[in-house]
Number of protein chains: 2
Amino acid sequence: MALSSTATVVPLGKGERTAARIREIALDQFSRLGFERVTMAGIADAAGVSQATLHHHFGDKDQLWRAAMLGLANVIAEEERLLAAAQDAPAITQLRMAMRLFLQISWKHPALGRIVALEGMAGGERLAWLNEHLLGGRNRRLAALVRRAIADRELKPFPPEQVVVTLQAGAVGIINLRPLLQVNFGVDPDTPRGRTAHEELVLDGLFAGLLTDGTGVKKKLGTRRTRR
Amino acid sequence: MALSSTATVVPLGKGERTAARIREIALDQFSRLGFERVTMAGIADAAGVSQATLHHHFGDKDQLWRAAMLGLANVIAEEERLLAAAQDAPAITQLRMAMRLFLQISWKHPALGRIVALEGMAGGERLAWLNEHLLGGRNRRLAALVRRAIADRELKPFPPEQVVVTLQAGAVGIINLRPLLQVNFGVDPDTPRGRTAHEELVLDGLFAGLLTDGTGVKKKLGTRRTRR
DNA sequence: TGAAAAGCTGATCACAGAATCAGAAATTCT
DNA sequence: AGAATTTCTGATTCTGTGATCAGCTTTTCA
């Protein structure tokens, strides 16, 4: 039940507090199990309220889902803010930073990656909603960065939209297929060490490629950490 | 309702025919919607039989799921066979071929990638089953190839298991996040042209990296097609 | 050809989960 | 304090879904 820092200073009333708690729990469950496997009773239980309370605050299950998703808006805004600080850097640097940020943020807020993967695969109305309200702007901005990086001759001239989704899909896939990693190789990526190794692998793998440059020596790239 | 070529020569009886049809439809629906969103009634409807028939042939929903999944065994066997033909080639070549095969096969049998993604993300009993009965051997074989390729100094020395899952996740993610691609950029990867471009992007992107080598000229790699 | 087995169905049951509602309890407002 | 409003609940309804079963039809086979 660790709650995120809601930046509001207003001392929210009782109703708003339980509503917020419900939203958090709902976000967690929705992202973990997917829409269908989540039950109103389950959320109510975890939140320590009656099922009817959920309906009182949010109407129906769909509306609760949307309310919960808006909790991710903060997360994305956080990424935007950190990225905006580097807006004068070369496009390729910003791109790399964006991917690193996404991985780090996905680590801090696992719901983000899981939701993108789950709904991105399912398609349908919920994906459309997510895109309109949460992801669309970010994706368009990334595509613009890719275009600039290609113009700068820093990226190979693949179709920019596909590059964005490739980067995104790679990251999302890797974040979410952890169970596969665990089941197959007994590796636990849920440790600080494992996580860092994973990040490096993803970033270097995607950007610089897995192949050596022929000499057997891994060329060290600019992987400097984003300052916090 | 285009049915795949069941290689059996025995002129299967009526019961086996409908059972096979049910399995096919079930595989399609399970991979598309995930276990929970699939209903027995839906499958029965699509197969043109009564719901009770499903239970007659397969017992319960879980058993039907497993029966349907075994349909993928052929697909994986097909990959194995094509790959075995190149077992004397360098490990890195085999790896690249394996990835290309996986992409091509996933195109021909979309259920494979979707299932791996869906269940790989969900974890749980069904993933364990899949791993034991379908994917485990393949993954271990890929890991061995990666190890050899690293020993040959062809791949950077990342942890082999993570490399496998990275490759797999990248491919799976890209195959399955098509709706995301479509929603965001209006690109339709479901065309021969789009598909090929996609394959190249994934393979070159993952293996050689998205970055140019500094000269702005894309180094052409051995992307020769597997003969059929 | 006739009996046995296999294939299949409509009807029905049991149950989980979403949604509703009247009213109790708590909070806010004047 | 007392009214009004908000917050919350237990009980209930309703719908969708998995599963069962008795019996009809078709196929198999001796």
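Naming: A, B, ... by sequence-line order, numbering from 1 per chain. Treat the numbers as computed from the prediction; the structure is a model and nothing was measured.
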Once you round it to whole Å, what is the distance between [atom2] of [N] and [atom1] of [X]?
X: A:His56; N: D:dT6; atom1: NE2; atom2: P; result: 9 Å
X: A:Arg21; N: D:dT7; atom1: CZ; atom2: C1'; result: 12 Å
X: B:Phe58; N: C:dC8; atom1: CZ; atom2: C1'; result: 14 Å
X: A:Gln63; N: C:dA18; atom1: CD; atom2: C1'; result: 13 Å
X: B:Arg17; N: D:dT26; atom1: CZ; atom2: P; result: 18 Å
X: A:Glu16; N: D:dT6; atom1: CD; atom2: P; result: 12 Å
X: A:Ile22; N: D:dT7; atom1: CD1; atom2: P; result: 11 Å
X: A:Arg37; N: D:dT17; atom1: CZ; atom2: P; result: 17 Å

Using five base pairs at each end to define the local axes, how bent is the helix from C:dT1-D:dA30 to C:dT30-D:dA1, to the nearest 10°?
10°

With under 30° as parallel and over 60° as perpendicular, where do the rings of B:Trp65 and B:Phe30 fit, or are they tilted in between?
perpendicular

How long is the straight-line distance from [atom2] of [Y] back to [atom1] of [X], given to the nearest 0.5 Å?
X: B:Arg138; Y: B:Leu142; atom1: CZ; atom2: CG; result: 5.0 Å
X: B:Arg100; Y: B:Glu79; atom1: CZ; atom2: CD; result: 13.5 Å
X: B:Ser31; Y: B:Ile115; atom1: OG; atom2: CD1; result: 5.0 Å
X: A:Met40; Y: A:Gln51; atom1: CE; atom2: CD; result: 6.5 Å
X: B:Arg114; Y: A:Met121; atom1: CZ; atom2: CE; result: 10.0 Å

With a cut-off of less than 4.0 Å, is there a side-chain N or O of A:Ser50 near OP1 or OP2 of D:dG10?
no

Can you check whether A:Thr18 has a side-chain N or O nearer than 4.0 Å to OP1 or OP2 of D:dC8?
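True: A:Thr18 side-chain N/O within range (under 4.0 Å) of D:dC8 OP1/OP2.
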
Which residues satisfy the salt bridge (charged side-chain N to carboxylate O under 4.0 Å, His left out) test with A:Arg66, sequence neighbours excluded?
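Not a single residue meets the salt bridge (charged side-chain N to carboxylate O under 4.0 Å, His left out) criterion with A:Arg66.
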
Tell me, do B:Arg148 and B:Gln94 make a side-chain contact under 4.5 Å, heavy atoms counted?
yes

Heavy atoms from C-beta onward define the side chain here; which of C:dC8, D:dC8, D:dT9 lies closest to that of A:Val49?
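So the nucleotide nearest the side chain must be D:dT9.
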
Is the side chain of A:Lys61 donor-acceptor paired with the backbone N or O of A:Phe35 at a distance under 3.5 Å, no angle test?
yes

What string of B, S and - do you get for nucleotides 18-24 of chain D, 5' to 3', when a contact is any protein heavy atom under 4.0 Å?
BBBB---

